[in-house]
**Student:** 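Handing you this structure, nothing more for now.
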Amino acid sequence: MKNPLNGIFLSLPRTVVVTGTDTDVGKTYATAALAVAGWYAGRRRIAVYKPQQTGMRGDDPGDVHDVARLARAAGVPSEALTIAEGQRLTEPMAPPPAAAIDGVELLPITAHVAKILELQESHDLVLVEGSGGVLVELDGDRRTIADLAAALQQEEALGAQTVLVARPDLGTLNHTLLSLEALLHRGVNVAGVVLGSWPTEPDRLHTSNREYLADLPALDGQRIPLLGAVPQGWGHGSR
């Protein structure tokens with residue numbers, strides 16, 4: 001299975017936060033592609049962490065299990081992968097209302113930072129996959145995945161950067177620019193943009209969007225590169 005993000009780990013650190021412009025933009029597939037890219041770049045111990053997994057009951061496989069399955073299919077050995085969830089909620093919605101329905105309190109951002117620090121002690125690469133988009137709240141204090149990314153950057157041992165996953169369809173330019181603006185406003189170090197669910201037969205709109213995102217104007221004095229595109233259904237199915 002071809003690695004769509006081959007070669008990008010020359011510039012990526014040991015901790016990478018994966019967030020999106022929205023839900024269902026291909027974050028899980030992008031995270032798996034990053035895991036594969038990391039493995040073939042020499043990262044031999046890879047952890048995938050999901051702070052909040054919503055819409056899952058009992059021991060049903062969640063996003064981190066999908067990442068592991070896809071990575072294994074692309075040649076990453078099972079023993080190289082560690083998967084972990086911070087908190088599991090049963091309803092398929094944003095964490096705050098899902099936690100309210102389940103009658104539990106959300107873990108604080110500090111708990112997620114501590115877990116990621118723990119994972120980094122024994123891994124060469126830690127991938128953190130967020131829920132939904134950039135400003136989806138993760139805890140009871142209205143802090144978001146963007147706030148988690150900013151908090152991780154403050155930990156010298158992590159040196160975290162963030163990858164933004166966007167869809168290639170109509171509306172993506174506005175969604176991508178708004179998401180980047182929100183991240184940069186919070187001081188988040190954005191490594192680049194990845195297009196998720198790239199169609200097998202892209203039309204003029206998809207191609208135009210890709211060309212625009214590959215040559216984004218500087219935002220807050222920063223150039224944000226397009227790191228690549230993950231094909232729709234890469235591995236197995238589409239998510």
Side-chain angles (χ1 to χ4, degrees), residues 13-32 34-35 38 46-57 59-68 71 81-102 104-123 125-155 157-165 179 182-183 186-191 194 196 239:
R14 290 178 61 193
T15 300
V16 179
V17 178
V18 183
T19 186
T21 58
D22 200 350
T23 190
D24 290 331
V25 297
K27 289 189 304 296
T28 297
Y29 279 88
T31 303
L34 286 166
I46 301 170
V48 182
Y49 179 66
K50 182 87 171 181
Q52 299 287 359
Q53 175 66 71
T54 62
M56 294 293 168
R57 297 178 182 275
D59 295 326
D60 290 345
D63 291 340
V64 293
H65 299 86
D66 288 339
V67 170
L81 295 166
T82 300
I83 57 175
E85 295 173 353
Q87 189 170 24
R88 175 167 283 216
L89 303 167
T90 59
E91 297 300 320
M93 54 180 64
I101 291 172
D102 285 352
V104 299
E105 292 187 2
L106 291 171
L107 292 175
I109 291 288
T110 52
H112 298 303
V113 172
K115 179 61 178 179
I116 293 163
L117 281 166
E118 178 186 330
L119 288 169
Q120 197 189 55
E121 290 178 0
S122 55
H123 294 84
L125 173 63
V126 181
L127 299 170
V128 182
E129 183 188 343
S131 300
V134 167
L135 297 185
V136 168
E137 294 174 21
L138 289 184
D139 68 7
D141 294 323
R142 307 187 73 87
R143 287 177 291 190
T144 67
I145 189 69
D147 294 318
L148 174 60
L152 291 173
Q153 285 178 201
Q154 295 175 8
E155 297 291 339
L158 293 175
Q161 292 184 14
T162 295
V163 169
L164 177 69
V165 183
S179 298
L183 289 167
R186 289 161 175 78
V188 174
N189 187 347
V190 181
V194 169
R239 189 178 178 90

**Student:** Check A160 against N189 and note the closest heavy-atom contact, atom names and distance.
**Tutor:**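 Looking at all heavy atoms of both residues, the closest pair is O-CB, 4.4 Å.
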**Student:** Run the side-chain contact (heavy atoms from CB on, under 4.5 Å) test on Q53 and V64 for me, step by step, so that the C-alpha distance in whole Å, both residues' side-chain angles and the decisive distance to 0.1 Å come before the verdict.
**Tutor:** CA-CA 9 Å; Q53 175 66 71; V64 293; 5.7 Å; no
**Student:** Taking D147 for its side chain and T144 for its backbone only, find out whether a donor-acceptor pair lies under 3.5 Å.
**Tutor:**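 Yes, D147 side chain to T144 backbone: donor-acceptor pair under 3.5 Å.
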**Student:** Which atom pair, heavy atoms only, marks the closest approach of V163 to V194?
**Tutor:**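 Scanning both residues, the minimum pair turns out to be CG1-CG2, 3.7 Å.
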**Student:** Does any N or O in the side chain of D141 come within less than 3.5 Å of the main-chain N or O of P108, such that one atom is a donor and the other an acceptor?
**Tutor:**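 Checked: no pair found.
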**Student:** Do V67 and I83 come close enough that some side-chain heavy atom pair is under 4.5 Å?
**Tutor:**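 Heavy-atom side-chain distance check fails, nothing below 4.5 Å.
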**Student:** Under the salt bridge (charged side-chain N to carboxylate O under 4.0 Å, His left out) rule, what pairs show up with a residue in residues 104-117, not counting sequence neighbours?
**Tutor:**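 Qualifying pairs: K115-E118.
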**Student:** Are L138 and I145 packed together at the side-chain level, in the sense that at least one heavy-atom pair is separated by less than 4.5 angstrom?
**Tutor:**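 Result yes, sub-4.5 Å side-chain heavy-atom pair found.
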**Student:** Who are the side chain to side chain contact (heavy atoms under 4.5 Å, CB included) partners of T23, not counting sequence neighbours?
**Tutor:**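 Result, side chain to side chain contact (heavy atoms under 4.5 Å, CB included) vs T23: none returned.
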**Student:** Could you tell me whether the side chain of L135 reaches within less than 4.5 Å of the side chain of R186, counting heavy atoms only?
**Tutor:**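 Yes. Closest side-chain heavy atoms under 4.5 Å.
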**Student:** Between H112 and I109 (side chain of the first, backbone of the second, donor and acceptor by atom type, cut-off under 3.5 Å), is there such a pair?
**Tutor:**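 It does not hold such a pair.
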**Student:** Distance-only, no hydrogens or angles: does the T54 side chain make a donor-acceptor pair with backbone N or O of M93 under 3.5 Å?
**Tutor:**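 Side chain of T54 to backbone of M93, a donor-acceptor pair under 3.5 Å: yes, one is there.
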**Student:** Can you name the closest pair of heavy atoms from T28 and D63 and give their distance?
**Tutor:**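 Nearest heavy atoms, T28 then D63: OG1-CG, 3.5 Å.
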**Student:** Between G20 and L164, which heavy-atom pair has the shortest distance, and what is it?
**Tutor:**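 In this case the closest contact between G20 and L164 is C-CD1, 3.6 Å.
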**Student:** Do you know which two heavy atoms are closest between H123 and R14, and how far apart they sit?
**Tutor:**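 Result for this residue pair: O-NH2, 2.7 Å.
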**Student:** Quick check: do R143 and L148 have side-chain heavy atoms less than 4.5 Å from each other?
**Tutor:**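 Result no, sub-4.5 Å side-chain heavy-atom pair not found.
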**Student:** Tell me whether Q52 contacts the main-chain N or O of P95 through its side chain, where contact means a donor paired with an acceptor under 3.5 Å.
**Tutor:**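 Here the side-chain-to-backbone pair does not exist.
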**Student:** Can you see which heavy atom on T31 is nearest to which on L127, and at what distance?
**Tutor:**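 Taking every non-hydrogen atom into account, O-CD1, 3.5 Å.
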**Student:** Could you pull out all residues at least two apart from A150 that satisfy side chain to side chain contact (heavy atoms under 4.5 Å, CB included)?
**Tutor:**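 With sequence neighbours excluded, A150 shows a side chain to side chain contact (heavy atoms under 4.5 Å, CB included) to V188, given in chain and number order.
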**Student:** Taking the side chain from E155 and the backbone from V113, do they hold a donor-acceptor pair closer than 3.5 Å?
**Tutor:**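 Flag not set: sc E155 to bb V113 has no pair under 3.5 Å.
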**Student:** Would D139 and Q87 count as a side-chain contact (heavy atoms from CB on, under 4.5 Å) if you check the C-alpha gap in whole Å, the side-chain angles of each, and the deciding distance to 0.1 Å?
**Tutor:** CA-CA 11 Å; D139 68 7; Q87 189 170 24; over 6 Å; no
**Student:** So does S131 get a backbone contact from the side chain of K27, meaning a donor-acceptor N/O pair under 3.5 Å?
**Tutor:**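 No, because the side chain of K27 does not come within donor-acceptor range (under 3.5 Å) of the backbone of S131.
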**Student:** Can you tell if the side chain of L89 reaches within under 4.5 Å of the side chain of V104, non-hydrogen atoms only?
**Tutor:**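 Of all side-chain heavy-atom pairs linking V104 with L89, at least one is under 4.5 Å.
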**Student:** Taking K50 for its side chain and G86 for its backbone only, find out whether a donor-acceptor pair lies under 3.5 Å.
**Tutor:**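 No, because the side chain of K50 does not come within donor-acceptor range (under 3.5 Å) of the backbone of G86.
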**Student:** For the CG atom of L152 and the OG1 atom of T15, what is their distance to the nearest 0.5 Å?
**Tutor:**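 L152 CG to T15 OG1: 7.0 Å, rounded to 0.5 Å.
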